[in-house]
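Position 1 is the first residue of the sequence, and the numbers go up from there.
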Amino acid sequence: QVHLAESGGGLVQAGGSLRLSCAASGRTFSNYAMGWFRQAPGKEREFVARISRSASSLLYADTAKGRFTISRDNAKNTVYLQMNSLKPEDTAVYYCAADGGILPVTTPHRYEYWGQGTQVTVSS
């Protein structure tokens with residue numbers, strides 16, 4: 001079992017930045033690729049970014065490229081999502097998730113463990 005806890009969400013003006021953190025506990029963190037997803041009201045959960053176990057491979061949704069950066073610190077069992085140039089359409093609940101596989105998957109059902117989410121609201 002892997003327990004995930006997100007933090008760092010909040011209210012920010014358009015153009016601003018936020019850094020989300022996701023702390024993991026339980027099984028060996030470095031055995032899991034990590035992903036960030038988001039879900040806006042009335043919409044399906046969508047992929048944002050993924051980082052491989054060793055951080056050697058990064059994958060971003062088109063909506064995140066150039067603005068968001070995913071990183072991890074295996075010594076601290078934590079994955080981060082740095083979000084810059086935020087837009088109102090980035091408003092959503094952001095979730096981190098753990099995947100024990102090695103393929104660069106982006107679909108939510110391929111991720112085994114999920115956090116409770118953190119709200120990000122971007123005002124215009």
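Sorted by first and then second residue, the pairs that involve residues 10-26 and meet side-chain hydrogen bond (donor to acceptor under 3.5 Å, both in side chains), not counting sequence neighbours, are S17-N84. Screening residues 92-124 for disulfide (SG to SG under 2.5 Å), with sequence neighbours left out, gives C22-C96. Applying the disulfide (SG to SG under 2.5 Å) test to pairs two or more places apart or on separate chains, none has a residue in residues 53-85. Applying the salt bridge (Lys or Arg N to Asp or Glu O under 4.0 Å) test to residues at least two apart or on different chains, the pairs with a partner in residues 96-112 are R50-D99. Applying the ring pair (Phe, Tyr, Trp, His ring centres under 6.0 Å) test to pairs two or more places apart or on separate chains, those with a residue in residues 36-84 are F37-F47, F37-Y111, F37-W114.
The line from OG1 of T107 to CD of E46 is 13.5 Å long, rounded to the nearest 0.5 Å.
Taken together through direct or relayed side-chain contacts under 4.5 Å among Ile, Leu, Val, Met, Phe, Trp and Tyr, V105 and Y95 form part of one hydrophobic cluster. V79 and Y113 fall within a single hydrophobic cluster, where Ile, Leu, Val, Met, Phe, Trp and Tyr side chains are chained together by heavy-atom contacts under 4.5 Å.
Evaluation of the salt bridge (charged side-chain N to carboxylate O under 4.0 Å, His left out) rule for R27 yields no partner, not counting sequence neighbours. S54 is linked by a side chain to side chain donor-acceptor pair (under 3.5 Å) to S56, counting only residues two or more places apart in sequence or in another chain. E89 meets the salt bridge (charged side-chain N to carboxylate O under 4.0 Å, His left out) test with no other residue; sequence neighbours excluded. Partners of K65 under the salt bridge (charged side-chain N to carboxylate O under 4.0 Å, His left out) rule, at least two apart in sequence or in another chain, are D62. Checked against side chain to side chain donor-acceptor pair (under 3.5 Å), R72 has the following partners two or more places apart in sequence or in another chain: N74. When the side chain to side chain donor-acceptor pair (under 3.5 Å) test is applied to T121, the partners found at least two apart in sequence or on another chain are Q119. Taking the side chain to side chain donor-acceptor pair (under 3.5 Å) definition, one finds that D73 meets it with nothing, sequence neighbours left out.
For the side chain to side chain contact (heavy atoms under 4.5 Å, CB included) with V120, the lone residue among V93, L20, L11 that qualifies is L20.
With hydrogens and angles ignored, the 3.5 Å screen pairs a side-chain donor or acceptor of R67 with a backbone N or O of S85. Listed for the T63 side chain is no donor-acceptor partner under 3.5 Å among the backbone atoms of A61.
For the pair E6 and Y94, the minimum side-chain heavy-atom distance is 4.5 Å or more.
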